[in-house]
Amino acid sequence: MAVMGSSSAVWNGERAVVALFVSRVLFSSPPSLVPESLALAFLALAGFLLEICAERSNALARFKTRPGASSGILLGAVTLPTVMLSRLIQQSRAVLSDDIGHQEVEYLTMQYWYVSVSCFGVLAFLSFISWCQANGGAQIHAQGTSGLKFKLFYVAIYATLCFMSLATKSYSGLHLAMKLIWVFSHGLAAIKLIQDILHVFPSCASIGEALLVTAGFVLYFGDMLVYTLAKINLYLTSSTSMSVLYGIKRTEISTIIQGLLIALIVFPLIYKFILKICSRLTHSINQEARPNGEETSIVFYVTLAVILILLVPLWMEFVQDFQMHPFLWVFNFVFTEPLKRLTLCMYWITVISASVLRFYNISKHSKIERILLRKYYHLVAVLMFSPALIFQPSFLDLAFGAALAVFLMLEVIRVWRIWPFGKQIHQFMNAFADHRDSDLLIVSHFSLLLGCALPKWMCSEFNDRPLAPFAGILSLGIGDTMASMVGHKYGVLRWSKTGKKTVEGTAAGITSVLVACSVLLPLVASTGYILSQHWLSLVFAVTVSGLLEAYTAQLDNAFIPLVFYSLLCL
């Protein structure tokens, strides 16, 4: 009985689903991806052991995480690396059929190691903290020394796998050394960034959620940096020999989205720095004078305008060779098919206006639970994004980026209470916040939009699985919504004694997604897409993502679409 009790404590529902998810991807890997597959297995085992250690002790209590959430270390550590491995498996099929070249696979291999080393570096850092906490204040005993040796041996094996993978795809020792240094720098950056995230935004995320955000930020920022370095290298040496390390050519839309989003992410740091300079200058002139709210707001809007209108377009033109101002390119892109795209814009504006006004009034005067009210926005996402994804996928890429940019600007204005809209935006957003949001950060709308956008963005190049771009819309807009509504109204059998998720809700979510897939596949086929989705694999993907929604205590909008997308790519 004691063994059974300890076993159940180790294998909870979330860990079992994650193990099923990772195992499915590993067993689908071809022999050419053996180092990457073994590295993912080692990463999953490290996350599993560290999560158990964190739950059994207070070794990571120094980090103020989101109340009511588990650590989520295992799920946070494996999600992005597994996504990248699934994409590698998908592109390996494309190489065999000559749909893409080896350069794209090599570039994606580098991206896999960027996120994998970022996650592994954070796990090694957290493990070292746990080891120091366990052996602090006393002489290190033999067991502690053996534990440290095991950790170092584990790191050495992982580093060897990384070396083997990159060595087979490098044409010189210098090339390999540059790759290893750059990959290692991603791990160091991730260790620094996750500490800053948990310190600057206390009680806003679990460790697993912070790890997912950290790995994503490091990958995206690093990709922008190497893309810039590629252009500098090209201008200085006229050589494309480092194109795999520095990135491959991308579309104008992806360049515009990347420049815009990264500029808005780093904008608060720039604004804060400028405010400090203005405050010191004002204080040196008049020691009693302090900038008021309107003055700081002027600084805010002027700085934002300079960055978005001048600096960001300059970078875009440098790396992409636009023949016109990037914003004029966007205008020209919209009007290449004005009837379809302008009609779609009018449709979006109508749906957003009607839904926001309706749901805001309901939130103020109705006793409907906020979690159910927010699920209506998931249905709105289905209404908005599904037609565009079928008939205007490129335009939807751009629209996703524009919407996310608007969300970022509104959140910065809300957090800083920028005059004249800061307080009003804060009051409006609070009407839809739930227990996973905090007064410091409201992230649910970001996670919903990103959950729908990321699968589509990752399918912008080669994709031989027609349902993969719909992963976010299906899992969040339909599956998660139906699970919540049916579970709330009809649910009786609960998955756990402490949780609210019900078996009836999960069954409804899985069934609704399968029905939606059966409707979507003929529609996608009508656009000329060659269907290659196996129903058995589809049922497995839908079931695993549905079970993850039932068991996880993490922000499901962030994890479920990525897990579902990974399984659909197989």
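Values in this document were obtained by computation on a predicted structure and should not be read as measured data.
Between F446 and F407, the ring planes lie perpendicular to each other; the angle is over 60°, past the 30° to 60° tilted range.
Side-chain contact between Q554 and L212 is absent, with no heavy atoms from C-beta onward closer than 4.5 Å. Annotation: side chain of Q320 is not in contact with side chain of Q258 (no heavy-atom distance under 4.5 Å). Contact check for P326 versus P313: side-chain heavy atoms found under the 4.5 Å cut-off. Between K272 and W416, some side-chain heavy-atom pair lies under the 4.5 Å cut-off. Side-chain atoms of L166 and M110, non-hydrogen and from C-beta on, do get closer than 4.5 Å to each other. Inter-residue side-chain proximity for T552 and F559 is flagged as unmet; no heavy-atom pair is nearer than 4.5 Å. Within the 4.5 Å cutoff, the side chain of P81 has heavy atoms near those of the L43 side chain. Between L308 and F267, every side-chain heavy-atom pair lies at or beyond the 4.5 Å cut-off.
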For the pair V412 and L264, evaluate side chain to side chain contact (heavy atoms under 4.5 Å, CB included) and give the outcome as yes or no after the intermediate values.
-> CA-CA 9 Å; V412 172; L264 290 172; over 6 Å; no

ring-ring contact (aromatic ring centres under 6.0 Å, His included) between F331 and F335, worked out = CA-CA 6 Å; F331 184 81; F335 279 90; 4.6 Å; yes

Go through Y154 and L45 one step at a time and tell me if the side chain to side chain contact (heavy atoms under 4.5 Å, CB included) criterion holds.
-> CA-CA 10 Å; Y154 204 92; L45 180 59; 3.3 Å; yes

Decide side chain to side chain contact (heavy atoms under 4.5 Å, CB included) for L548 and L75; before the verdict, give the C-alpha distance in whole Å, the side-chain angles of both, and the deciding distance to 0.1 Å.
-> CA-CA 10 Å; L548 182 62; L75 181 59; 4.3 Å; yes

Full working for side chain to side chain contact (heavy atoms under 4.5 Å, CB included) between I257 and F400 = CA-CA 9 Å; I257 293 173; F400 274 140; 5.9 Å; no

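Between the side chains of T109 and E36, no donor N or O sits under 3.5 Å from an acceptor N or O. A donor-acceptor contact closer than 3.5 angstrom links the side chains of S116 and Y158. With no hydrogens or angles considered, a side-chain donor-acceptor pair links T251 and S254 at under 3.5 Å. Q91 and Y107 share no donor-acceptor pair across their side chains, judged by distance under 3.5 Å alone.
Heavy atoms only, all atoms of each residue included: C569 and A468 are closest at SG-CB, 4.4 Å. Listed here is the closest heavy atom pair of I473 and F385: CD1-CB, 3.5 Å. The two atoms that bring R341 and F333 nearest to each other are NH1-O, 2.5 Å, heavy atoms only. The two atoms that bring L396 and A388 nearest to each other are CD1-CB, 4.0 Å, heavy atoms only. Of all non-hydrogen atoms in I253 and S394, the two that sit nearest each other are CD1-O, 3.6 Å. Summarising the geometry of S118 relative to H186, their closest heavy-atom pair is OG-O, 3.5 Å, with the distance given to 0.1 Å.
Side chain of S86 to backbone of S566: a donor-acceptor contact under 3.5 angstrom is found. E209 contributes a side-chain N or O that, together with a main-chain N or O of L555, makes up a donor-acceptor pair within less than 3.5 Å. Of the possible donor and acceptor atoms, one in the side chain of S447 sits under 3.5 Å from a partner among the backbone N and O of S444. Judged by distance alone, with hydrogens and angles left aside, the side-chain atoms of W315 form no donor-acceptor pair with the main-chain N or O of G259 at under 3.5 Å. Not a single donor-acceptor pair under 3.5 Å links the side chain of S165 to the backbone N or O of L161. The closest donor-acceptor contact from the side chain of E51 to the backbone of L74 lies under 3.5 Å. A donor-acceptor pair under 3.5 Å is formed between the side chain of Q195 and the backbone N or O of I191. Looking only at distances, a side-chain donor or acceptor of S386 sits under 3.5 Å from a matching main-chain atom of V382.
Note: L467 CG to S537 OG = 11.5 Å, rounded to the nearest 0.5 Å. A distance of 8.5 Å separates CG in L123 from CD1 in I194, rounded to the nearest 0.5 Å. With rounding to the nearest 0.5 Å, the separation of CG in L476 from CG in D556 is 7.0 Å. Interatomic distance, S37 OG to I89 CD1, rounded to the nearest 0.5 Å: 6.5 Å. Atom CG of L448 is separated from atom CG of N557 by 5.5 Å, given to the nearest 0.5 angstrom. Taking CH2 of W457 as the reference point, atom SG of C452 lies at 11.0 Å (rounded to 0.5 Å).
Within 6.0 Å of atom CZ in F163, 12 or fewer heavy atoms from other residues, nucleotides or ligands are found, so the atom counts as exposed in its surroundings. Heavy-atom neighbours of F318 CZ from other residues, nucleotides or ligands within 6.0 Å: above the threshold of 12. Counting heavy-atom neighbours within 6.0 Å of F421 CZ, excluding the residue itself, gives a total of 12 or less. Taking a 6.0 Å sphere around NE2 of H325, one finds it holds more than 12 heavy atoms contributed by other residues, nucleotides or ligands.
For F395 and W348, the distance between ring centers is under 6.0 angstrom. You'll find the ring centres of Y271 and F300 inside the 6.0 Å limit.
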